Chemist: 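Let me begin by handing over the structure; questions about it come next.
Just so you know, ligand 1 is whichever comes first in the structure, and atom 1 is the first atom listed for that ligand. What you are looking at is a predicted structure, and each value in this text was computed from that prediction instead of being measured.
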Amino acid sequence: MIFVVGHKNPDTDSICSAIAYAELKKSLGTDAKAVRQGEINPETAFVLEKFGIDVPELVTEWEGKKVILVDHSDVSQSIDDIEKAEIVEIIDHHKIGDITTPNPIFFLAMPVGCTATVVKILYDYHGVEIPKQIAGILLSAILSDTVIFKSPTTTEKDIRAAEDLARIAGIADLNTFGIQVKSKLSDIEKMSADEIIKRDFKDFNMSGKKVGIGQVELVDLSVIEPRIDDILGRMKEMKEKEGYDGVYMMLTDIIKEGTLLLAVTGDDSVVEKAFGARLENSRVWLDKVMSRKKEIVPPLENAYSS
Ligand code: MG
Ligand code: MG
Ligand code: MG
């Protein structure tokens, strides 16, 4: 049995790509099962329910298991006892991370907006028909990761894949469906500051420094404004107690197309170096910035290394 799993703090892509890729492996005669390594978010819950697919089982012990990683290749985002598992494949759309393997493996990373696009391409490559429900969840993942094609990570391949998948899934209006999917993450009223931060939070190693970057994508930032002081307080606590050199939160407005970046750093000049803009009250508006991996991580890595 091979387990297919996405990154920590799973997003819709990590869950849906794992499910769809496990289905593809099964169609090709491999015993595979999608699992998760954390709670699913309300957006993913909506998507799975809409297309009638069960939430994958939670797995936290990996000793001796064969694993396919999707949507990441960074040790810090992966399963905890990764060194005890056997990684047999990686399917991703991020920069190549720091996971290594003792044996040659199938490793496919494409510079596209979503792992689900890569999975769709693999279905086509193998000539396997995509079931309707699977098309629905893959489509949802693409709309989610590309922020309905507004993120600069979006490529022609994502758009073409989404159009094919929409036809199979019977979704007529991608924009309306995309907003429906994305708005599920907006119900943050009942969440604690910690939950808001951790829902989509990733650790990075930047020139030996531990840097954490979270993101919330909202249809309207006004719902989160009253919570910002709370969130900053919790970020400061994380910096002090959890060994972070910097803790960042992207509050991304998907309609205005920009990000209010909250930053708690050891030295605020890193933000100025990275983004050419100064923090005021630990926050700065970055117009047009929507993508963590393309517009936040690379300039921050540069700033930390200089
Ligand atoms: Mg992801
Ligand atoms: Mg992804
Ligand atoms: Mg994401």
Chemist: Is the distance between the Mg ion (ligand 1) and the nearest N/O/S atom of D145 smaller than 2.8 Å?
Modeler: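 So D145 does not bind the Mg ion (ligand 1) by this criterion.
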Chemist: Is the distance between the Mg ion (ligand 1) and the nearest N/O/S atom of D200 smaller than 2.8 Å?
Modeler: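 No, D200 does not qualify, because none of its backbone or side-chain N, O or S atoms lies under 2.8 Å.
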Chemist: Looking at H93, pick out the N, O or S atom nearest to the Mg ion (ligand 2) and give its name.
Modeler: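 Of all N, O or S atoms belonging to H93, NE2 is the one nearest the Mg ion (ligand 2).
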Chemist: Among the N/O/S atoms of D71, which is closest to the Mg ion (ligand 2)? Give the atom name.
Modeler: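 In D71, the N, O or S atom with the shortest distance to the Mg ion (ligand 2) is OD1.
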Chemist: For the Mg ion (ligand 2), which N, O or S atom of D13 is at the shortest distance?
Modeler: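 Going by distance to the Mg ion (ligand 2), the closest N, O or S atom in D13 is OD2.
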Chemist: Please work out whether the ring planes of H7 and H94 are parallel, tilted or perpendicular, with thresholds of 30° and 60°.
Modeler: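 It falls in the perpendicular class, over 60°.
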Chemist: Suppose the criterion is salt bridge (charged side-chain N to carboxylate O under 4.0 Å, His left out): which pairs have a residue in residues 159-172, not counting sequence neighbours?
Modeler: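 Matches after skipping sequence neighbours: K120-D164, D164-R167.
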Chemist: Hey, is the Mg ion (ligand 2) within less than 2.8 Å of some N/O/S atom on C114?
Modeler: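 Coordinating: no.
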Chemist: Can you tell me which residue pairs pass the side chain to side chain donor-acceptor pair (under 3.5 Å) test with a partner in residues 41-52, sequence neighbours excluded?
Modeler: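 Pairs touching residues 41-52 that pass the test: T12-E43, T12-T44, N41-T44, E43-S144.
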Chemist: Can you tell me, to 10 degrees, how wide the angle at the Mg ion (ligand 1) is between OD2 on D11 and NE2 on H7?
Modeler: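 Taking the Mg ion (ligand 1) as the apex, the two atoms subtend 100°.
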Chemist: Regarding K210 and the six-membered ring of Y244, is the cationic atom NZ or CZ under 6.0 Å from the ring centre and inside 45° of its axis?
Modeler: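 The answer is yes, since K210 meets both limits relative to Y244.
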Chemist: For P10 and I15, work out which heavy atoms get closest and say how close.
Modeler: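 Here P10 and I15 meet closest at CB-CD1, 3.6 Å.
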Chemist: Is it true that some N/O/S atom of D92, main chain or side chain, lies under 2.8 Å from the Mg ion (ligand 2)?
Modeler: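 No N, O or S atom of D92 is closer than 2.8 Å to the Mg ion (ligand 2), so no.
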Chemist: Cation-pi check, K33 to F3: give yes when NZ or CZ is under 6.0 Å from the six-membered ring centre and within 45° of the ring axis, no otherwise.
Modeler: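 Cation-pi check for K33 and F3: fails.
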